[in-house]
J.: 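One structure coming up, written as structure tokens, with questions to follow.
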Amino acid sequence: RLGPELVAVLPGDAHRLTEASSLPAIDPADARFRLFNSVTTLLARLAAISPVVVVIDDLHWADRASMALVEFLAGHLDTTPVLLMVTARVEYALRDDPHEDDPLGRALAVLGRTNGALWTRLGGLSADDSRALLTDILGDDADAPLARDLHRRTAGNPLFLAESARQMLATEGGMTTARDVLPPTVTELIGRRFAGLSSAETELLTLGAIAGRDFSAQLLQVAGGVPLDTALDVLDSAERAGLIRGEPTSGTFGFTHPLIRDVLTADLPTTRRARLHRRVGEAIQSQHATDLDPVLGELAFHFSQAASTGSAAQALDYATRAAGRAAQLHSFEDAIHNYDLALTIVSDRVQRCELQLALGEVLNHAGDLERAAAMFADAASSARALLVDGADPGAARRLGRAALGMTMITVAMDQGSSRLTLIDDALGALGDDEAVAALLAELRRRVETTLMPGVRADQRIEALYRSSAPWP
């Protein structure tokens, strides 16, 4: 038989299991104790017959009374054959000592002190497991690039992966259209974490999302135009809500999940997004005014995103400087990225030709010979157009540098005839530029007679090439 306290909260025909049909009028606190005790007694009696497993999923969504019941069960069932399995997102608990305003933190603390308690932290799915889950939903459409992209974006969270895949199936236009669209269920789940934050606090966190994967309180202070204490208070509230986590050694903060950033920025109007990028860029400028070199790439990105606010010239300058610095440090991937960025911004034709030449050389050093050859061909086209217009006194030399660059690439030998044509064009345009003209003539002879075996190993050619190709 069940006690009337338990029957009162059970659905259906539970009243048939009890001898009492109503509860006596007693103090609410006593009533809750009797309810909790009835649940405990029921589980203990069942466990006396056969071991019992009780699973409580997503404790972080439970109300305070349910969390209090979990605490009670943990304290009274530890000597019985009852396995109490609880899942919860611990980031939803407050970080400091549990107190009455943090029911989840208190419940987790009680569970942790229980005799025989075992904690297991579950991470996201691996890249392979993520692809297997996506294949179950999408079939053959779950190719490697898509799986890799969604795994990165969702951090392997099974729910987010599954919802993203279903969103793709349901969206008109298929995989490409829905790839970057946040599923409503995911947006709603993440949005719940913002419930306790004011609009001003959310605004400041949005600046953090715009800033990137990591940001500091000082950055929010400058970009948000608020006192440092205000920025720290907002970060404290966000950390308590499980939105961000701090890194004590670096003094920076990062979002606990990549999709939190997406939710914060997804609905920003284009002009507002651009203005926020500009504010972040200007804040980084201010913070690193004495030495911009380490943050040139960040500045290039933020000012390029803010180009509509009049910052295109700054973005071009920072992207070019970031690429040059990365190339000097042999970080060719970063150099390629920033030269590509600069080429999306530049409008001056001479600058464009210089950037194409510089990018061609970096691509060559990075081993991407096919794209390097294509970039040198683009540079040659730009230089030829400048020659025709007569607007650039250095156009002939730029054409020569493009010819040198293409000829030093040892891939795609069937293009030898086109290289000969380019070299001849450059020789005709260079005139009295004897050093480069002599080098081109030597390269032409090698291409014509031997299809360039050993050209890259020729130190004299390498030295002359470098003397003719200053970094922009």
Side-chain angles (χ1 to χ4, degrees), residues 59-61 87-109 111-112 119-124 152-157 160 186 189-266 276-277 279-288 291 294-295 297-299 301-302:
L59 183 63
H60 48 278
W61 295 131
T87 69
R89 292 192 175 278
V90 295
E91 64 266 23
Y92 281 38
L94 303 185
R95 295 282 173 170
D96 301 324
D97 292 335
H99 51 74
E100 62 183 2
D101 292 325
D102 180 20
L104 176 60
R106 186 174 60 192
L108 293 176
L111 288 168
W119 287 87
T120 301
R121 181 175 289 275
L122 300 178
R152 175 195 58 78
R153 192 170 184 226
T154 62
N157 182 298
F160 294 170
V186 174
L189 282 172
I190 293 175
R192 292 182 188 177
R193 302 196 196 181
F194 295 97
L197 301 182
S198 68
S199 58
E201 289 174 324
T202 303
E203 166 78 9
L204 213 56
L205 278 183
T206 302
L207 279 170
I210 288 289
R213 190 169 57 184
D214 303 303
F215 54 91
S216 67
Q218 292 76 12
L219 177 68
L220 297 190
Q221 173 195 6
V222 178
V226 298
L228 179 58
D229 282 345
T230 299
L232 290 170
D233 287 343
V234 170
L235 292 172
D236 184 54
S237 296
E239 191 165 13
R240 288 177 179 274
L243 294 165
I244 63 172
R245 64 168 62 94
E247 297 294 338
T249 55
S250 64
T252 60
F253 295 83
F255 291 97
T256 55
H257 195 284
L259 288 179
I260 294 175
R261 286 182 60 206
D262 292 346
V263 169
L264 281 167
T265 60
L276 292 178
H277 273 290
R279 284 165 61 183
V280 170
E282 289 172 346
I284 295 172
Q285 261 184 334
S286 174
Q287 287 183 293
H288 298 270
D291 182 16
V295 293
E298 292 179 63
L299 291 171
F301 169 72
H302 288 297

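Heads up: numbering here begins at 1 and tracks the sequence. Just so it is clear, the structure is predicted and the values come from calculations on it, not from any experiment. FYI, side chains are in, hydrogens and waters are out, and symmetry mates aren't considered; it's all heavy atoms of this structure.
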J.: Calculate, to the nearest 0.5 Å, the distance between atoms CG and CG belonging to Leu264 and Leu276 respectively.
T.: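 It is 11.0 Å, given to the nearest 0.5 Å.
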J.: Once side-chain hydrogen bond (donor to acceptor under 3.5 Å, both in side chains) is applied, do any residues pair with Thr252, and if so which ones, sequence neighbours excluded?
T.: Ser250
J.: Can you sort out the partners of Gln221 under side-chain hydrogen bond (donor to acceptor under 3.5 Å, both in side chains), two or more places apart, ordered by chain and number?
T.: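 Per chain and number, Gln221 pairs via side-chain hydrogen bond (donor to acceptor under 3.5 Å, both in side chains) with no residue.
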J.: Sequence neighbours left out, what passes side-chain contact (heavy atoms from CB on, under 4.5 Å) with Asp229? Give chain and number order.
T.: Leu232
J.: Rounded to the nearest 0.5 Å, how far does CD1 of Ile244 lie from OG1 of Thr256?
T.: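 So the gap between those two atoms works out to 9.0 Å.
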J.: Quick one: ring-ring contact (aromatic ring centres under 6.0 Å, His included) partners of His302, sequence neighbours excluded?
T.: His277
J.: Could you list all the ring pair (Phe, Tyr, Trp, His ring centres under 6.0 Å) pairs where at least one residue sits in residues 217-248, not counting sequence neighbours?
T.: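 Checked against ring pair (Phe, Tyr, Trp, His ring centres under 6.0 Å) - neighbours excluded - no pair reaches residues 217-248.
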J.: Can you name the ring-ring contact (aromatic ring centres under 6.0 Å, His included) partners of Phe253, sequence neighbours left out?
T.: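 Phe253 satisfies ring-ring contact (aromatic ring centres under 6.0 Å, His included) with no residue once adjacent residues are dropped.
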J.: I need the full list of ring pair (Phe, Tyr, Trp, His ring centres under 6.0 Å) pairs touching residues 205-229, with sequence neighbours left out, sorted by first then second residue.
T.: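 For residues 205-229: Phe215-Phe255.
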J.: Can you pull the side-chain hydrogen bond (donor to acceptor under 3.5 Å, both in side chains) pairs that have at least one residue in residues 279-288, sequence neighbours excluded?
T.: Arg278-Glu282, Gln285-Tyr318
J.: Looking only at heavy atoms, which two atoms of Gly281 and Leu299 are closest? And how far apart?
T.: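 Of all heavy-atom pairs spanning Gly281 and Leu299, the closest is O-CD2, 3.4 Å.
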J.: Ignoring hydrogens and angles, write down the donor-acceptor pairs under 3.5 Å from the side chains of residues 194-211, residues two or more places apart or on other chains.
T.:
{"residue": "Ser198", "atom": "OG", "partner": "Glu201", "partner atom": "N", "Å": "3.2"}
{"residue": "Ser198", "atom": "OG", "partner": "Glu201", "partner atom": "OE1", "Å": "3.4"}
{"residue": "Glu201", "atom": "OE1", "partner": "Ser198", "partner atom": "N", "Å": "2.8"}
{"residue": "Thr202", "atom": "OG1", "partner": "Ser198", "partner atom": "O", "Å": "3.0"}
{"residue": "Glu203", "atom": "OE1", "partner": "Arg272", "partner atom": "NH2", "Å": "2.4"}
{"residue": "Glu203", "atom": "OE2", "partner": "Arg272", "partner atom": "NH2", "Å": "2.7"}
{"residue": "Thr206", "atom": "OG1", "partner": "Thr202", "partner atom": "O", "Å": "2.8"}

J.: Just to verify, what does Arg213 make a side-chain hydrogen bond (donor to acceptor under 3.5 Å, both in side chains) with, not counting sequence neighbours?
T.: none
J.: Minimum heavy-atom separation for Leu220 and Leu235, please, with both atom names.
T.: CD1-CD2, 3.8 Å
